[in-house]
Amino acid sequence: MKKHTRHLILALVATLGVAAVPVSHAADTPAVETLRGRDVAEPELDSKVYRQERDRPPIPRDYVQQPPLIPHVTESYTITANFNKCMDCHSWTRYKESGATKVSITHFKDRDGRELSNISPRRYFCTQCHVPQTNAKPLVNNTFQRAEGLR
Ligand code: HEC
Ligand code: HEC
């Protein structure tokens with residue numbers, strides 16, 4: 001009986017699997033479209049084409065809530081579940097000797113607004129929000145104006 005049920009389930013899975021295949025036909029599926037439309041050049045995926053910009057002083061912000069852009073190379077700075085290279089320089093215990101800006105006090109709050117004694121899990125993966133700069137040309141023109149309070 002049990003074996004019988006198992007066979008039935010396997011047969012059902014197989015049928016569903018086959019039924020799902022004809023949905024995508026490469027020929028008549030339109031190309032993936034970006035939010036800005038289709039006439040945007042494909043970004044070059046080979047990371048060797050673009051170089052990260054050299055270290056420089058902090059980059060002015062364009063609006064006050066902006067995560068500051070990273071003004072230095074980050075190529076060898078890994079962040080794993082157990083180790084965060086960024087905090088080697090940006091933590092409150094290390095920033096003085098490294099000359100880096102200490103992580104913002106907002107980075108110690110959890111999602112329920114509780115203040116933690118160490119960096120919050122929601123702020124742990126720094127490069128989710130902070131991005132290094134490369135010498136790549138912009139894909140599209142950008143007419144963004146710096147926020148009024150920062151001009
Ligand atoms: C070896 C030390 C070191 C490491 C590692 C490091 N940084 Fe930095 N970082 C600095 C220094 C020094 C500055 C520049 C501070 C200055 O000139 O005022 C800086 C600046 C920054 C700034 C700009 C701050 C501002 O106020 O504009 C950001 C953002 C930043 N780093 C993020 C990161 C992230 C994310 C990582 C990990 C991927 C990282 N850093 C790893 C030393 C480091
Ligand atoms: C979810 C987005 C997010 C993540 C993840 C995040 N940050 Fe930030 N960070 C921000 C924003 C937004 C600001 C500016 C507003 C503020 O201070 O909260 C900021 C500000 C900063 C500043 C400037 C502080 C100052 O006094 O001017 C530094 C340095 C910094 N972050 C480093 C880091 C590092 C290092 C990590 C990883 C351990 C990290 N951040 C993770 C969003 C983030």
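Atoms within each ligand, like the ligands themselves, are counted from 1 in listed order.
Within a 6.0 Å radius of CG in Asp112, other residues, nucleotides and ligands contribute more than 12 heavy atoms. Crowding of Arg111 atom CZ: a count of heavy atoms from other residues, nucleotides or ligands under 6.0 Å not exceeding 12. The environment of Glu115 atom CD is dense: over 12 non-hydrogen atoms of other residues, nucleotides or ligands sit within 6.0 angstrom. Annotation: Arg56, atom CZ; neighbour count of heavy atoms from other residues, nucleotides and ligands within 6.0 Å is above 12.
Residue contacts with ligand 2 for Asn84 involve side-chain atoms from C-beta outward but no N, CA, C or O (heavy atoms, distance under 4.0 Å). Here Thr106 has side-chain heavy atoms under 4.0 Å from ligand 2, and that is the only part of it that gets that close. Looking at Ala100 against ligand 2, nothing comes within 4.0 Å, counting heavy atoms. Contacts between Lys102 and ligand 2, counted as non-hydrogen atom pairs separated by less than 4.0 Å, involve the backbone only. Within the 4.0 Å heavy-atom criterion, the part of Arg122 lying near ligand 2 is the backbone and not the side chain. Within the 4.0 Å heavy-atom criterion, the part of Arg61 lying near ligand 2 is the side chain and not the backbone. With a 4.0 Å cut-off on non-hydrogen atoms, Met87 touches ligand 2 through its side chain and not its backbone.
A donor-acceptor distance shorter than 3.5 angstrom exists from the side chain of Ser91 to the backbone of Arg94, with no hydrogens or angles considered. Listed for the Asp55 side chain is a donor-acceptor partner under 3.5 Å among the backbone atoms of Val73. Side chain of Arg123 to main chain of Phe108: no donor-acceptor pair is present (N/O by atom type, distance under 3.5 Å, no hydrogens or angles). At distances below 3.5 Å, at least one donor-acceptor pair connects side-chain atoms of Gln133 with backbone N or O atoms of Val131.
The Leu69 neighbourhood of ligand 1 comprises atoms 23 (C), 29 (C), with distances under 4.0 Å to a heavy atom of that residue. Atom numbering of ligand 1 starts at 1 in the shown order; those under 4.0 Å from a heavy atom of Ser98 are 12 (C). Of all the atoms in ligand 2, the ones that sit under 4.0 Å from a non-hydrogen atom of Phe125 are 5 (C). Listed by number with element, the atoms of ligand 2 under 4.0 angstrom from any heavy atom of Gln66 are 13 (C), 14 (C). Residue Cys126 approaches ligand 1 through these ligand atoms, each under 4.0 Å from one of its heavy atoms: 35 (C). Residue Tyr124 approaches ligand 2 through these ligand atoms, each under 4.0 Å from one of its heavy atoms: 37 (C), 38 (C).
Polar contact check, His72 against ligand 1: a nitrogen or oxygen pair lies under 3.5 Å apart. Of the N or O atoms in Thr74, none lie within a sub-3.5 Å distance of an N or O in ligand 1.
Of all protein heavy atoms, the one closest to atom 29 (C) of ligand 1 is Pro68 O, 3.3 Å. In this structure, atom 33 (C) of ligand 1 lies nearest to the protein heavy atom His90 NE2, 3.5 Å. Scanning the protein for heavy atoms near atom 17 (O) of ligand 2, the closest one is Ser104 OG, 2.6 Å. For atom 14 (C) of ligand 1, the closest non-hydrogen atom of the protein is Gly99 O, 4.4 Å. In terms of protein heavy atoms, atom 4 (C) of ligand 1 is closest to Cys89 SG, 3.3 Å. Of all protein heavy atoms, the one lying nearest to atom 41 (C) of ligand 2 is Arg123 O, 3.2 Å. For atom 24 (C) of ligand 1, the closest non-hydrogen atom of the protein is Thr101 OG1, 3.4 Å. Nearest protein heavy-atom contact of atom 21 (C) of ligand 2 is His130 CE1, 3.5 Å. Taking atom 35 (C) of ligand 2 as the reference point, the nearest protein heavy-atom neighbour is Val103 CG1, 3.4 Å. Scanning all protein heavy atoms for the shortest distance to atom 19 (C) of ligand 2 gives His107 CE1, 3.4 Å. Atom 23 (C) of ligand 1 has as its closest protein heavy atom Pro71 CD, 3.4 Å. Gln65 O, 3.3 Å is the protein heavy atom nearest to atom 12 (C) of ligand 2.
Considering each of Pro58, Pro67, Cys86, the one bringing a non-hydrogen atom nearest atom 38 (C) of ligand 1 is Cys86.
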For a side-chain contact (heavy atoms from CB on, under 4.5 Å) check, start with the C-alpha distance between Asp62 and Leu150, then their side-chain angles and the critical distance, and finish with the verdict. CA-CA 7 Å; Asp62 290 319; Leu150 295 182; 5.9 Å; no
Quick one, Thr80 with Thr78, criterion side-chain hydrogen bond (donor to acceptor under 3.5 Å, both in side chains). Give me CA distance, side-chain angles, the key distance, then yes/no. CA-CA 6 Å; Thr80 69; Thr78 44; over 6 Å; no
For Val103 and Trp92, what are the C-alpha separation, side-chain angles and deciding distance, and is it a side-chain contact (heavy atoms from CB on, under 4.5 Å)? CA-CA 7 Å; Val103 285; Trp92 283 46; 3.7 Å; yes
Step-by-step side-chain contact (heavy atoms from CB on, under 4.5 Å) determination, Asn84 to Cys126: CA-CA 9 Å; Asn84 184 321; Cys126 319; 3.7 Å; yes
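Applying the ring pair (Phe, Tyr, Trp, His ring centres under 6.0 Å) test to every pair with at least one member in residues 51-83, sequence neighbours left out, gives these pairs: His72-Tyr77.
Tracing side-chain contacts under 4.5 Å through hydrophobic residues (I, L, V, M, F, W, Y), one never reaches Ile70 starting from Phe125; they form parts of separate clusters. In the hydrophobic cluster analysis, where Ile, Leu, Val, Met, Phe, Trp and Tyr join through side-chain heavy atoms closer than 4.5 angstrom, Phe144 is grouped apart from Val140.
Side-chain contact between Cys86 and Ile79 is present, with heavy atoms from C-beta onward closer than 4.5 Å.
The distance from the CD atom of Gln128 to the CZ atom of Arg122 is 10.5 Å, given to the nearest 0.5 Å.
Among the atoms of Cys129, no N, O or S atom is found under 2.8 Å from atom 8 (Fe) of ligand 2.
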